[in-house]
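Predicted model only: the values in this text are computed from it and were never measured. Start at 1 and go down the list; that is how both ligands and their atoms are numbered. Only heavy atoms go into these numbers, but all of them, side chains included; no hydrogens, no water, no symmetry mates.
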Amino acid sequence: MSDAGELDALLHEDRRFPPPGVFTGQANCNDPEIYDRAAGDPEAYWSGWASELDWFEPWHTVLDWKPPHAKWFVGGKINVAHNCLDRHVEAGRGDRTALIWEGEPGDTRTFSYAELHREVSQFSNALRGLGVEKGDRVTIYLPMIPEAAVAMLACTRIGAIHSVVFGGFSPDSLADRNNDAESKVLITADGGWRRGSVVPLKANADVALEQSPTVTNVVVVARGGDLTDHTPVTMKEGRDHWYHDLMAESSSDCPAVQMDAEDTLFILYTSGTTGKPKGVVHTTGGYLTQTYATTKTVFDLKDDDVYWCTADVGWITGHSYIVYGPLANCAQVVMYEGAPDTPDRGRFWQLCEKYGVTIFYTAPTAIRAFMRWGEEWPGKADLSSLRLLGTVGEPINPEAWMWYHEVIGGERCPIVDTWWQTETGAIMISPLPGLTVTKPGTATRALPGIEAAIRDEAGNDTAAGYLAITTPWPSMLRTVWGDEERFKETYWSKWRNVYFPGDGAKVDEDGYLWILGRVDDVLNVAGHRIGTMEVESALVDHPSVVESAVVGKAHEIKGESIAAFVTLKEDIDGSDELMSELRNHVGMKIGAIAKPEMVVFTAELPKTRSGKIMRRLLRDIAEGRTIGDTTTLADPAVVKKLQAMHEGDEG
Ligand code: WTA
């Protein structure tokens, strides 16, 4: 969280950016009454959006709210793949481009809606051939290739529940997720390109599969003709199947299964305050309704738009705003496999020019990296096709916002700073680009149909405190997979019948919300949620480590980086080698995104008399600040020693 001085500066932001008149004139949402109308009758508002989708059977009740359990569109029957594909093909839009994909090496593939429909139907049959039935779990561990979207949609077509695992996660993380969800099938690839080299996904998966007893069949996509030359793949007889072989044997006739609006659509694991990630459960009708509606309103999506969201499908942003929201809207979606700096730092901007991207959605951490790389890179490309920019994943600092506005948006594109979470499923707080006067650094206010507030511990309204969502919304998480207690405890125990997202926030004189970051032990590193406990468990798993405490440290580009304080076994000395060994150990246990940037060896950790580690003090030390109140410490000398040691390191 920012300190008080920074905060005051933020809240006195006086730059205001009204939507350009030409933008408002053509915007999907340009009637300011929409907020009051939605607030007056949220159920009518959301059912209005739901009725734009195709339902096999209508719902009889819009909302059944028995806190903390919501059911939306009760009694309705619907299928997500049908709404993302068949619906458009049946409307005569089969020739329209659905996916424009580019691999990191520069290879390209495009799919029309008809082609994507065929591919998905065929793969649904292939999954059925492997014994996948409605309600079964399927893990997807793929690079950013079209088959990732195909696999997700194929699951939804037959009612299988997907659990997508980010390709950067380690074999251990993959195995944990396979086991928690009791997945029957794993879909992976030989490899995927990232920064000029191949990530050996199948080889990682093989390690995970040794500890994933429920997975009985594995589907392997051959990423590119020549990739197998780089990545030798071992196929286990009877368990492993090539995607292309299964497809060759499968019919493309696969009617979409009628799902209940409240049937589970997918599980997506996200970090929390314990060592074990939680499987956030989303259901079908409400999730599709809100992702569909917000794509149209927040991104102002039109038929001639070329839409690009740079997230990975392994995160909720990829689920909701690469796959489901855009395809439900029949959008033309750009998908890119690789890194923004490969082969050079202009790659994103070349892609924008090449495909004529009009809507561009990325993370503040990426924007800060672009700023650091310099204006020359975007300067080399023609970015005049862009008309709307978006950000997601963490608070955006006003300086980065201004740079995005001026250098990328040419001062003509509204910016939508969208606040939401894996748990909320879809965007909750954001400007509407044709209506909202934006200010750099604030996500502004809750969308129509959503009620957000700032509450104190006791649940009273306050100007600075915790963000709260006070009414149910269609794409809300329904539970934590296999752990209903954790669901109640994490999100619904702070206040009565009000959702606690875990973020701190302030409200300014215009009623705009400023999200300040997590208030729990969850870090936001380059827009990725990482639990401090997860990293601590990975560290103590190393034979040399007795205890560890992990905190976030402000980082210019990543927002936060990971600092680890580690106590070693008595006979072991801290060395640079051990430091890098520990970093790699965390990489191996969780994934490269969780590697601590800073490791400090310490004989003891600062603890209160009751034995609680004082993370606030560790954060002060990591960031080189004056140490706060130490009166509750069991042994104040520990902090002095740590501080002296750390200053010694820095010097
Ligand atoms: C943070 C990503 C400020 C927040 C969609 C939230 C943001 C967590 C914003 C969820 C934003 C996301 N401004 N903070 N516009 N968007 N966050 O589950 O702390 O990966 O709780 O979902 O990211 O991260 P998650």
Assess the pair [X] and [Y]: is the distance between their ring centroids shorter than 6.0 Å?
| X | Y | result |
| --- | --- | --- |
| F487 | H69 | yes |
| Y499 | W473 | yes |
| H162 | H282 | no |

Original post:
Name the residues with a heavy atom less than 4.0 Å from ligand 1?
Top reply: I316, T317, V392, G393, E394, P395, D417, T418, W419, W420, Q421, T422, D503, I515, R518, N524, R529

**OP:** Taking ring-ring contact (aromatic ring centres under 6.0 Å, His included) as the test, write out the residues that go with W308, two or more places apart.
**Re:**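 Residues passing ring-ring contact (aromatic ring centres under 6.0 Å, His included) with W308: F348, F360.
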
Original post:
Does F166 have any ring-ring contact (aromatic ring centres under 6.0 Å, His included) partners at least two apart in sequence or in another chain, and if so, which?
Top reply: F169, W315

Subject >> Any residue meeting side chain to side chain contact (heavy atoms under 4.5 Å, CB included) with R455, in chain and number order, not counting sequence neighbours >> reply: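 So R455 forms a side chain to side chain contact (heavy atoms under 4.5 Å, CB included) with A453, D461, A468, T470, W495, V498.
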
